[in-house]
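Okay, structure first, notes after.
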Amino acid sequence: MSFPALAIDPFDEGFLADPHAHHSALRDAGPVVWLDAIGCYGMARFAEVQPALKDWQTYISGRGVGLADFAREEPWRPPSLLLETDPPLHDRTRGLMNKVASLASLREAMPAWRARAAELVEECVARGRIEAVDALAEAFPLRVFPELIGLREDGHENLIPYGTIAFNGFGPQNRLLRESMANAAAATAWVNDSCQRARLKPGGWGMAVYEAADRGECSEEEAYRLVRSFLTAGVDTTVNGIANLVHAFACFPAEWDKLRADRSLAKRAIEESLRWGGVVQTFFRTTSRDVDIAGGTIPEGSKVLLFLAAANRDPRKWDNPDRFDISRNAGGHVGFGFGIHQCLGQMVARLEMEAVLDALIPRVAAIRATGPAQIRLNNTLHALASVPVELVPA
Ligand code: PQS
């Protein structure tokens, strides 16, 4: 074995509860490591993670981006036609979905999102002490995202549990996956039902996918599965993006003062929170050939775990990486991945965060932690269960 073998288990609950505490051991061990606990390779330095994400021919997605190798194991649901595919299929589905998830339609939605964020923030400020995951981070996406997709009116509460299953599903069959699966039936049934053409409202992104099918750009079955991608990836991620944004300012109060003094820093603050927070911790790829790297060889057909969140705090790349610093240019972070699979919904995420942040800035003089933030353990997401804060009125 030419790579350092580590006993660290990245899906151990102790690791998942405080991943950043364990990342330096992974990075410092070498550019490529062997993770004995899960029997796969790992990369945690920016210099290896970003190029691996870019090299889709070598580090493929079609055998799954979780620990399970779809060449050997049956996936828990039919594979995603975006996430768990390679070109040429990937490029056709991605091209179609890029047109649906257009910046133009987001610009159209943004005034209503800003109004909704203002309303929510005013309620929160009036209460003073809030739990920001419930009051903001879940409330906002659950209000705006179903409308964007054109979902039916009932059952939106299934979206987060479904996301939890899917994101746990990229890890091993541990307690977290088993427990989320045990409660999965209702959420899965609701999502599967809601992706159907007959369930979608005209004018939303869901129906727009079926309209692409009508133009012959994909089959009806493919459209169904592509709508499922919106429902899987679009909620639990942005919920935690917003939770983490609030949490970041609660941890670094001087950054809030800085932002209120110069509102033009808002976009940088969002990017920096995406770098610092590590909402999406990891993704796997599978090697399509023997790869010579860092003085060793990763054999063909190996699973490689890419630690996005560790790359985003790699001191070889970033100065003072554990500091949330909104003056920093965090551009180039891999929080949304990199290359052909880079997050399709990244502008949804950024604009949701921007709507919330722009509503907070004029109304809130200070964001004060009133207790410790609580983690919601998940195999892929750095999810927050609770972020208790006081919003001091401006
Ligand atoms: C799908 C797409 C993307 C899908 C981890 C996973 C994902 C961000 C982090 C994700 C999940 C599912 N996105 O196409 O179903």
Side-chain angles (χ1 to χ4, degrees), residues 13-21 116-145 156-157 159-161 163-164 167 176 179-180 235-260 266 269-270 272-281 309 313 322-326 335 349 352-378 380-394:
E13 292 185 16
F15 187 104
L16 294 172
D18 191 8
H20 294 292
R116 178 58 186 153
E119 235 175 81
L120 262 179
V121 166
E122 276 165 19
E123 283 169 30
C124 289
V125 171
R127 286 164 54 198
R129 283 167 167 252
I130 59 159
E131 194 287 284
V133 173
D134 177 58
L136 272 178
E138 294 188 348
F140 185 72
L142 284 177
R143 173 66 179 264
V144 301
F145 190 75
H156 299 167
E157 69 281 1
L159 287 163
I160 293 173
T164 298
F167 291 106
L176 295 173
E179 285 182 3
S180 52
V235 183
D236 215 356
T237 46
T238 57
V239 164
N240 284 295
I242 294 167
N244 177 66
L245 181 65
V246 175
H247 177 56
F249 282 109
C251 294
F252 293 89
E255 298 307 292
W256 188 251
D257 300 335
K258 217 196 258 179
L259 179 60
R260 292 198 79 224
I270 289 168
E272 172 67 349
S273 82
L274 290 161
R275 181 197 70 80
W276 179 82
V279 168
V280 178
Q281 286 282 309
R313 291 203 193 185
D322 295 330
R323 213 188 114 66
F324 172 68
D325 174 0
I326 68 167
E352 284 189 19
M353 292 166 85
E354 187 177 318
V356 172
L357 195 58
D358 284 349
L360 286 165
I361 295 168
R363 295 177 178 85
V364 174
I367 301 175
R368 292 198 188 123
T370 52
Q374 308 279 331
I375 296 284
R376 172 158 62 89
L377 290 179
N378 184 279
T380 302
L381 300 179
H382 184 62
L384 291 162
S386 158
V387 178
V389 292
E390 180 187 358
L391 301 180
V392 180

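What you see below is based on every heavy atom in this structure, not just the backbone, and it leaves out hydrogens, waters and symmetry mates.
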Note to self: Quick one: does any side-chain atom of Glu255 pair with a main-chain N or O of Ile326 as donor and acceptor, under 3.5 Å?
What the structure shows: yes
Next item on the list: Might you work through the side chain to side chain contact (heavy atoms under 4.5 Å, CB included) test for Leu120 and Val356, ending with a clear yes or no?
Entry: CA-CA 9 Å; Leu120 262 179; Val356 172; over 6 Å; no
Next item on the list: Describe, in one word, how the ring planes of Phe249 and Phe324 are oriented to each other, choosing from parallel (under 30°), tilted (30 to 60°) and perpendicular (over 60°).
Entry: perpendicular
Notebook entry, point to check: Would you find a donor on one side and an acceptor on the other, under 3.5 Å apart, between the side chain of Asp236 and the backbone of Pro161?
Noted result: no
Next item on the list: Spell out, as yes or no, whether a donor-acceptor pair under 3.5 Å connects the side chain of Ser273 to the backbone of Leu245.
Entry: no
Next item on the list: Any chance you could measure Thr164, atom OG1, to Leu176, atom CG, to the nearest 0.5 Å?
Entry: 10.5 Å
Check: Distance-only, no hydrogens or angles: does the Glu131 side chain make a donor-acceptor pair with backbone N or O of Val387 under 3.5 Å?
Finding: yes
Notebook entry, point to check: Is it the case that more than 12 heavy atoms not belonging to Arg376 sit under 6.0 Å from its CZ atom?
Noted result: yes
Notebook entry, point to check: Which is it for Leu259 and Leu357 under the side chain to side chain contact (heavy atoms under 4.5 Å, CB included) test, yes or no, and what are the steps along the way?
Noted result: CA-CA 10 Å; Leu259 179 60; Leu357 195 58; 4.0 Å; yes
Notebook entry, point to check: Taking atom NE2 of His382 and atom CG of Leu377, what is their separation to the nearest 0.5 Å?
Noted result: 10.0 Å
Next item on the list: Determine yes or no for a side-chain-to-main-chain donor-acceptor pair under 3.5 angstrom, with Glu272 supplying the side chain and Asp325 the backbone.
Entry: yes
Check: Just by modelled atom types, is the Gly335 backbone N or O under 3.5 Å from a matching donor or acceptor in the Arg275 side chain?
Finding: no
Item checked: Backbone N/O of Ile361 and side chain of Arg260: donor-acceptor pair under 3.5 Å -> yes
